[in-house]
Amino acid sequence: MPNELIIRGVPRSLAHDGWWLAIESGTSVDPTPPPATPGNVLDGVRRFPRITALILLVLLGDLLFWGHKPGLSLALFAWCIFAAVWVNKPTRSKLLVPSAVLMLATLPLVEHVQLLSVTFLIAGLLSAIVLLQIPPEVKYRKLLPWLAGGVLRLIKRVPTAGLKECATHVRGWRRKPVAHGETGRSIVHVLIRNWAFPLGGFFVLGALLISANPVLEHALVRVLKVDFDLFVLIRRIAFWGGLALLIWPFLTAPAPDAPMAAPTLSWNMSRLLNAGSVFRALVLFNLMLAAQSIMDISILFGAAALPEGMSHATYAHRGAYPLLMTALLAGAFALAARPFLGQSPALKPLLLVWLAQNVLLTLSAAFRLDLYIDAFGLTYLRIYALIWMGLVAIGLAMVAWQVQRGRSSVWLMLRVTMLSVGTLYICAFINFAALIAADTLSRAADSDTAPRTDWIYLCGLGHSASKAISTQITKQPIMHIPDWAQSCVHPAPTHPNWREWDFRTARVNGYLTANPKGEAQ
């Protein structure tokens with residue numbers, strides 16, 4: 001067997017590329033070149049489709065977002081990223097489940113662009129991309145741990161993955177020698193040496209010629225549709241770079257290598273609590289809540305007298321939010337006391353009574369808040385508080401069911417999370433601005449509170465409330481409308497760009513166009 005060909009005194013990368021010399025010398029060597037190492041040419045060839053997709057997505061992002069408000073463009077961009085990830089996958093996976101997830105996440109944004117709908121879109125895009133990467137042998141009942149782990153890893157990659165990979169490639173270029181007598185110099189150095197002066201001179205001369213020739217400047221502006229403003233150009237280049245850094249982690253997302261372990265929610269409370277302290281605390285807490293409930297019932301339903309100078313609205317406002325915080329602390333205490341329930345037969349009934357009283361306390365807080373709304377009107381914060389109180393009451397009922405049935409903390413966490421996400425998803429389709437406007441004007445028309453109507457708040461509700469305001473004024477005319485608020489009562493329709501379109505805005509604009517002065521149809 002011929003001696004192995006060894007090339008000494010040359011760089012290692014050139015030695016790897018010398019495999020073909022062995023064939024000419026008659027040595028039986030596998031003609032397949034060595035596997036690509038990070039930063040070599042073969043790795044760049046494999047990355048070329050991803051780089052092409054990155055460039056196309058950046059150009060698309062410039063077309064959709066530069067100079068325009070976000071709208072339908074966000075949904076289109078998310079679907080293009082999803083398609084690019086699927087096209088660049090080595091193996092084509094099934095699209096049904098990932099597409100369904102992304103579609104569900106897109107619907108709230110198509111309805112209306114707001115922080116909640118954008119959050120759902122981002123979460124849906126992350127989940128859909130991870131679902132494309134999950135191995136096909138993973139069954140659906142084991143899909144959730146894989147999905148959770150993959151989404152968390154992808155979130156960690158998004159802020160820094162692009163910068164890290166750029167730095168890695170630059171370091172690889174600096175270590176790689178080049179031919180034609182340039183060994184010892186980096187590719188970056190050679191590129192700068194060969195192209196810095198020609199390109200710099202080209203841009204300087206081009207700027208001077210454009211400044212000296214208005215006809216050429218006008219023609220370029222008309223053809224390229226760009227403004228030769230240095231600061232605008234810098235901002236646009238920064239925008240491109242930011243888009244590229246956000247998109248690249250999605251295109252290079254690795255497959256989840258392992259599912260996320262189920263969280264363990266068992267806290268060691270033995271240093272703070274024991275069966276005796278939990279028993280005494282439950283007895284005292286239940287007595288306190290019983291006294292509070294009796295007082296609420298006597299005042300709210302039994303017409304008991306309030307302290308001098310205090311109205312029912314003030315009483316309702318002072319009690320709504322502290323009682324809600326009390327209920328939240330009650331849920332936390334129930335979880336902390338749960339490990340000690342087996343040490344005494346009286347603890348479980350006391351804990352169930354404690355949770356039931358806190359559910360009643362939450363309902364009492366909601367009733368107080370409703371009295372306050374009757375007196376002072378509806379706002380975003382009061383609507384959110386009512387929704388939150390409902391969630392807290394249902395959550396406490398779930399804790400009671402968990403205690404009664406002996407379910408695990410993971411069981412409770414999963415169902416509370418599903419309840420919260422489902423509630424937020426439904427809220428994304430509700431026009432709360434219209435509800436607030438209609439409720440406020442309805443109360444003003446049915447009572448003597450019209451002069452105290454907060455028109456500043458009503459006009460600040462935005463375009464989404466325009467139809468509700470115009471419709472309510474048409475149904476129940478209100479005489480006390482300030483002159484400056486006429487633009488809110490009979491607003492003109494907006495004309496958004498197609499990139500800024502959403503279904504709620506289109507509905508409002510359709511109504512305002514058909515009823516320019518609020519006439520009833």
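Computed from a prediction, not measured in an experiment: that's the story for all the values here.
Side chains of Leu512 and Val508 form a contact here, defined as non-hydrogen atoms less than 4.5 Å apart. You'll find the side chain of Arg153 stays beyond 4.5 Å of the side chain of Val130, heavy atoms only. Contact annotation: the side chain of Val399 approaches that of Leu412 to within less than 4.5 Å [non-hydrogen atoms, C-beta and beyond]. Using a 4.5 Å heavy-atom cutoff, the side chains of Val110 and Trp501 are in contact. Inter-residue side-chain proximity for Leu419 and Met398 is flagged as met; some heavy-atom pair is nearer than 4.5 Å. Side-chain contact check for Val101 versus Phe82: every heavy-atom pair is 4.5 Å or farther apart. At a threshold of 4.5 Å between non-hydrogen side-chain atoms, the residues Phe250 and Leu154 count as touching. A heavy-atom distance below 4.5 Å is found between the side chains of Val58 and Leu54.
Smallest separation of non-hydrogen atoms from Thr119 and Leu115: OG1-O, 2.8 Å. Closest non-hydrogen pair, Pro70 versus Ser73, comes out as CA-OG, 4.0 Å. Contact between Ala465 and Ala437 at its shortest, heavy atoms only, is CB-CB, 4.1 Å. Shown here for Gly71 and Val113, the closest heavy-atom pair between the two residues is CA-CG2, 3.4 Å. Heavy atoms only, all atoms of each residue included: Leu369 and Ala385 are closest at CD2-CB, 3.6 Å. Residues Leu351 and Leu282 come closest through the heavy atom pair N-CD1, 3.8 Å.
Aromatic ring centres of Phe65 and Phe77 lie closer together than 6.0 Å. Residues Phe432 and Tyr380 keep their aromatic ring centres 6.0 Å or farther apart.
Rounding to the nearest 0.5 Å gives a distance of 6.5 Å between CD1 of Ile129 and CG of Leu126. Here the OG atom belonging to Ser464 is positioned 11.5 Å from the CG atom belonging to Leu435, to the nearest 0.5 angstrom. For the atom pair Thr440 OG1 and Leu461 CG, the distance stands at 7.5 Å (nearest 0.5 Å). In this structure, the separation between CH2 on Trp79 and CG on Leu102 is 4.5 Å, given to the nearest 0.5 Å. Rounding to the nearest 0.5 Å gives a distance of 11.5 Å between CD1 of Ile247 and OG1 of Thr252. Here the straight-line distance linking atom CG of Leu381 with atom CG of Leu386 works out to 10.0 Å at 0.5 Å rounding.
Residue-environment remark: CG (Leu63) exceeds the threshold of 12 foreign heavy atoms within 6.0 Å. A 6.0 Å sphere centred on CG of Leu96 holds no more than 12 heavy atoms belonging to other residues, nucleotides or ligands.
Proximity of a side-chain donor or acceptor of Glu111 to a complementary backbone N or O of Ala428 within less than 3.5 Å is not detected. In this structure a side-chain-to-backbone donor-acceptor pair under 3.5 Å is missing from Glu500 to His68. Side chain of Thr362 to backbone of Ala393: no donor-acceptor contact under 3.5 angstrom is found. Between the Ser364 side chain and the Leu360 main chain, no donor and acceptor come within less than 3.5 Å of each other. Within the 3.5 Å criterion, the main-chain N or O of Trp240 finds no donor-acceptor partner in the side chain of Asp62. For the pair Ser470 (side chain) and Ser466 (backbone), a donor-acceptor distance under 3.5 Å is absent. Within the 3.5 Å criterion, the main-chain N or O of Gly377 finds a donor-acceptor partner in the side chain of Arg382. A donor-acceptor pair is defined here as one N or O able to donate and one able to accept, closer than 3.5 Å; such a pair exists between the side chain of Lys348 and the backbone of Gln404. Judged purely by atom type and a 3.5 angstrom limit, Asn358 uses its side chain to pair as donor or acceptor with the backbone of Trp354. Side chain of Asn88 to main chain of Ala84: a donor-acceptor pair is present (N/O by atom type, distance under 3.5 Å, no hydrogens or angles).
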ask   = Going through the distances and angles, do Leu125 and Thr106 end up as a side-chain contact (heavy atoms from CB on, under 4.5 Å)?
value = CA-CA 9 Å; Leu125 179 61; Thr106 305; over 6 Å; no
request  = With side-chain contact (heavy atoms from CB on, under 4.5 Å) as the test, would you mind laying out the steps for Leu441 and Leu458 before giving the verdict?
outcome  = CA-CA 9 Å; Leu441 294 176; Leu458 285 178; 3.8 Å; yes
ask   = Going through the distances and angles, do Leu109 and Asp502 end up as a side-chain contact (heavy atoms from CB on, under 4.5 Å)?
value = CA-CA 7 Å; Leu109 187 130; Asp502 62 58; over 6 Å; no
message = For a side-chain contact (heavy atoms from CB on, under 4.5 Å) check, start with the C-alpha distance between Leu104 and Phe120, then their side-chain angles and the critical distance, and finish with the verdict.
response = CA-CA 9 Å; Leu104 288 175; Phe120 271 112; over 6 Å; no
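Under a cutoff of 6.0 Å and an axis angle of 45°, Arg507 and Phe503 form a cation-pi pair.
Donor-acceptor pairing under 3.5 Å is recorded for the side chains of Tyr511 and Thr471. His463 and Asn509 are linked by a side-chain donor-acceptor pair at a separation below 3.5 angstrom, with hydrogens and angles left out of the test.
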